[in-house]
Colleague: 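Here you go, one structure.
Just so we're on the same page: letters track the sequence lines, and every chain starts at 1. Every heavy atom of this structure was used, including side-chain atoms; hydrogens, water molecules and symmetry mates were not.
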Amino acid sequence: MEFTELEKIRFDKAQQMRAEGVEPYPTRTEVNSTTAEAIRKFEAAEAAGSQETLTAVLGGRLRAIRLMGKLAFAHIEDGSGRIQLFMRVNELGEAELQRFKELFDIGDFIQAGGEIIRTRTGEVSLLVREFKMLAKAITPLPAAKDEVVDGQVVRHATLADPETRYRQRYADLAVNEEVRKIFRTRAKVVSAIRDFLDEKGFLEVETPILQPIYGGAAAKPFVTFHNQLKQQIYLRISFELYLKRLTVGGFDRVYEIGRDFRNEGVSFKHNPEFTQLEFYWAYADYLQVMKLTEEMVAYVLDKVVGTRKVVYDGKELDFTPPWKRVNLRQSLIDRAEIDINEHPTAESLENAMQAMGMKFKPGEARGKLIGQLLEEYVEPTLVQPTFMYDYPRDISPLAKNKPGDPNTVERFEGFVNGMELCNAFTELNDPMEQEKRFLEMGREYEAEDEERHPMDEDYLRAMSYGMPPQGGFGMGIDRLVMVLTGQKNIREVLLFPHLRERED
RNA sequence: GGUCCACUAGCUCAAUGGCAGAGCAACUGACUCUUAAUCAGCAGGUUCGGGGUUCAAGUCCCCGGUGGAUCACCA
């Protein structure tokens with residue numbers, strides 16, 4: 001380890017402690033309460049008019065120090081909150097107080113024992129009778145100073161550079177309370193989703209992350225290799241094909257919350273690994289899934305936010321069911337003045353787009369052109385929670401046809417603030433039809449090899465044993481958390497977002 | 001990958017092409033109810049890296065790095 005000038009000073013303090021026979025990184029602590037618990041007990045006793053003295057040994061990180069001649073104030077912070085330490089020569093003696101002033105710094109983990117009191121200015125504090133270093137911090141926290149005003153932490157010149165915040169998330173979390181709050185919210189979101197689905201009789205399962213054949217989505221996979229088996233394997237791009245195998249096996253309602261990996265560009269809404277929820281619901285169709293989705297998201301909002309409305313990107317979004325429903329074909333007629341039913345081929349659609357002076361990538365499959373139209377003309381307008389439904393068959397190889405409409409499948413996507421949140425469909429369960437779709441996809445995507453759906457023979461075999469009709473659903477948890485925490489970049493809701501490797 | 005923007009002390013930020021600065025943190029000292037404590041003093045720099053233009057470059061130009069926004073790719 002190389003020390004900066006400031007680090008050297010702190011390291012020397014640790015060395016000095018050792019020279020005096022005090023361990024700066026002791027093995028055990030005597031902490032017997034959290035700061036919040038100590039304050040709560042004190043206030044309860046006070047309210048009851050109790051004269052009893054309340055003592056505690058508290059542990060935490062030194063976040064502020066105010067030294068005076070024969071006394072000192074400090075704040076320590078633990079996972080539950082903060083408390084002020086009141087240190088006087090009266091209780092500690094000159095030598096101990098001096099030792100604190102000389103050897104203790106902001107950022108150190110310490111423990112302090114004494115009585116809980118209220119200071120003259122009214123703040124519940126620990127009148128310290130003894131204290132001990134628990135872990136000397138060598139590197140100073142990247143915050144200049146902070147204070148507590150009316151219970152609110154007010155920071156001054158704290159870590160703000162996004163790169164340092166993401167690369168050294170530990171430091172970001174240590175000094176930025178609202179960042180910790182985002183991840184507490186995230187944990188609550190996941191736990192609320194589990195509550196909801198468990199309650200509805202869904203079984204949580206875990207399926208392979210390392211897969212011999214990837215599938216279930218149109219995305220480029222990460223490729224790796226198993227040395228002993230001499231086998232190329234892929235990190236999953238979705239859970240879909242494995243979860244549906246389980247419905248063949250008799251699990252009627254299954255879900256998985258886990259990580260997907262996609263070897264594609266990163267952006268404010270894309271990270272190479274992200275957390276996905278997928279569930280499959282036997283004997284249901286996409287309309288039932290739509291209703292369950294609304295219900296589930298509302299449940300999460302109720303539990304986590306306490307209201308069904310959130311302000312995101314300056315707009316109030318209302319998640320109260322039912323969400324708006326927009327037919328895909330109709331939305332394109334409304335927004336782009338193109339009726340895709342009148343253009344059954346890519347050529348015809350291209351000509352129409354050309355004639356209207358629209359942006360598009362020539363030479364794409366019809367489904368991809370429709371995707372481009374949606375992205376350009378429709379999706380940005382879907383601000384309030386909205387389901388767009390009935391997708392073209394050729395970009396939905398795992399979804400079931402709409403009865404009587406061979407070019408359309410029963411599929412919907414949920415949008416919020418123009419961003420896709422979820423994707424669901426009535427699942428295709430006819431093995432012959434599925435094989436045909438795989439072959440079609442293979443042809444259409446020939447040019448972009450990696451994105452085509454590779455034929456998964458074992459999946460077809462599973463289906464040929466008989467797969468119950470079902471509705472399936474997938475949702476990006478990170479994006480839901482973004483909306484619920486008001487964050488506009490996915491990196492703000494990922495503890496350790498992927499960044500380019502840095503040589504330093 | 002394209003375009004634009006940013007990168008200066010531990011942190012947050014200044015500095016017409018003309019001596020590289022402030023606040024907080026650190027360090028030395030004063031101070032027995034403070035809470036951005038206060039007061040006095042002191043120290044701290046590869047201005048992201050490399051090259052160029054110029055009497056003179058943090059500043060202008062070129063190449064590179066990292067990040068951000070945006071577009072492309074992609075759900």
Side-chain angles (χ1 to χ4, degrees), chain A residues 3-10 12-13 63-75 82 84-92 94 97 101-102 105-107 117-123 125 127 137-151 153-167 171-172 175-176 216-220 237-238 260 262-272 274 276 359 361 368 371-372 374-375 379 395 413-415 419-423 448 450-451 474-476 478-479 488-491 497 499-504:
Chain A
F3 290 145
T4 64
E5 197 180 328
L6 296 184
E7 289 169 337
K8 181 74 170 67
I9 290 164
R10 288 169 170 234
D12 288 344
K13 290 179 180 179
R63 290 305 310 275
I65 298 176
R66 294 177 294 281
L67 300 177
M68 299 189 170
K70 291 185 165 54
L71 65 127
F73 291 95
H75 274 93
R82 294 183 169 212
Q84 176 169 262
L85 304 183
F86 183 19
M87 309 172 96
R88 292 192 305 193
V89 80
N90 309 37
E91 286 78 27
L92 294 167
E94 297 233 5
L97 187 62
K101 290 182 178 180
E102 281 177 11
D105 291 294
I106 290 172
I117 55 141
R118 211 178 260 285
T119 58
R120 224 171 272 169
T121 49
E123 181 165 349
S125 307
L127 180 62
I138 302 298
T139 305
L141 286 178
K145 177 167 286 191
D146 56 19
E147 59 169 333
V148 181
V149 178
D150 302 330
V153 178
V154 179
R155 267 168 298 98
H156 304 277
T158 193
L159 182 64
D161 172 48
E163 182 174 358
T164 311
R165 288 186 44 236
Y166 300 148
R167 287 191 196 277
D172 183 29
V175 300
N176 290 323
K220 296 184 186 120
I237 58 172
S238 86
D260 270 344
R262 298 188 181 175
N263 204 342
E264 290 162 354
V266 297
S267 79
F268 72 95
K269 55 180 176 180
H270 296 94
N271 194 64
F274 62 98
Q276 181 93 333
K359 255 177 69 178
K361 250 176 86 182
K368 286 224 155 187
Q372 287 176 39
L374 291 174
E375 207 170 300
E379 291 179 12
I395 49 170
E413 292 194 353
F415 290 86
M419 178 167 74
E420 183 203 337
L421 193 65
C422 57
N423 180 19
E448 323 146 63
E450 285 176 307
E451 274 184 40
M475 176 169 72
D478 313 281
R479 290 184 181 180
K488 293 183 68 184
N489 191 316
I490 196 168
R491 292 178 165 176
L499 296 183
R500 197 183 297 271
E501 193 170 16
R502 193 162 194 180
E503 295 170 24
D504 56 7

Colleague: Counting side-chain heavy atoms from C-beta on, which of B:U32, B:C27, B:A25 comes nearest to A:L6?
Modeller: B:A25

Colleague: Just checking A:R262: base, sugar-phosphate only, or nothing, at a heavy-atom cut-off of under 4.0 Å?
Modeller: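 It contacts sugar-phosphate atoms only.
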
Colleague: Nearest heavy atom decides the nucleotide; on that basis, is A:E5 or A:G69 closer to the 5' end of RNA chain B?
Modeller: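 Nearest-nucleotide comparison on RNA chain B picks A:G69.
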
Colleague: Searching all strands shown, indicate the nucleotide that pairs with B:G64 (Watson-Crick or G-U wobble; both distances under 3.5 Å).
Modeller: B:C48

Colleague: Could you please name the option among B:G67, B:A26, B:C31 that lies closest to any side-chain atom of A:E163?
Modeller: B:G67

Colleague: At under 4.0 Å between heavy atoms, what does A:N90 touch on the DNA or RNA strands: base, sugar-phosphate, or nothing?
Modeller: base

Colleague: Select one nucleotide: of B:A26, B:U35, B:C33, the one nearest the side-chain heavy atoms of A:I9.
Modeller: B:A26

Colleague: Mind checking if A:E102 touches a base, just sugar-phosphate, or nothing, with heavy atoms under 4.0 Å?
Modeller: nothing

Colleague: Would you mind pulling out the nucleotide paired to B:G58, Watson-Crick or G-U wobble, both distances under 3.5 Å?
Modeller: none

Colleague: Between B:C33, B:U12, B:G67, spot the one nearest the side chain of A:R500, thanks.
Modeller: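 So the side chain of A:R500 is nearest to B:G67.
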
Colleague: Among B:U32, B:G67, B:C33, which nucleotide has an atom closest to any side-chain atom of A:K70?
Modeller: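 From the listed options, B:U32 comes nearest.
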
Colleague: Mind checking if A:T121 touches a base, just sugar-phosphate, or nothing, with heavy atoms under 4.0 Å?
Modeller: base

Colleague: What's the closest nucleotide to the side chain of A:K368 if the choices are B:U34, B:C74, B:C27?
Modeller: B:C74

Colleague: Just call it for A:F86: base, sugar-phosphate, or nothing, with non-hydrogen atoms closer than 4.0 Å on any strand.
Modeller: base

Colleague: If you check the A:L159 side chain, which of B:C31, B:U12, B:G67 turns out closest?
Modeller: B:U12

Colleague: What's A:L67 touching, base or sugar-phosphate or nothing? Going by heavy atoms closer than 4.0 Å.
Modeller: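 Result for A:L67 = base.
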
Colleague: For the side chain of A:N489, counting heavy atoms from C-beta on, which of B:C74, B:U35, B:A69 is nearest?
Modeller: B:A69

Colleague: Would you indicate what A:K488 reaches in the nucleic acid, counting non-hydrogen atoms under 4.0 angstrom: base, sugar-phosphate, or nothing?
Modeller: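 Counting heavy atoms under 4.0 Å across all strands, no contact is made by A:K488.
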
Colleague: Let's test your reading of the model: under 3.5 Å, does the base of B:U12 pair with the side chain of A:T158 as donor and acceptor?
Modeller: no

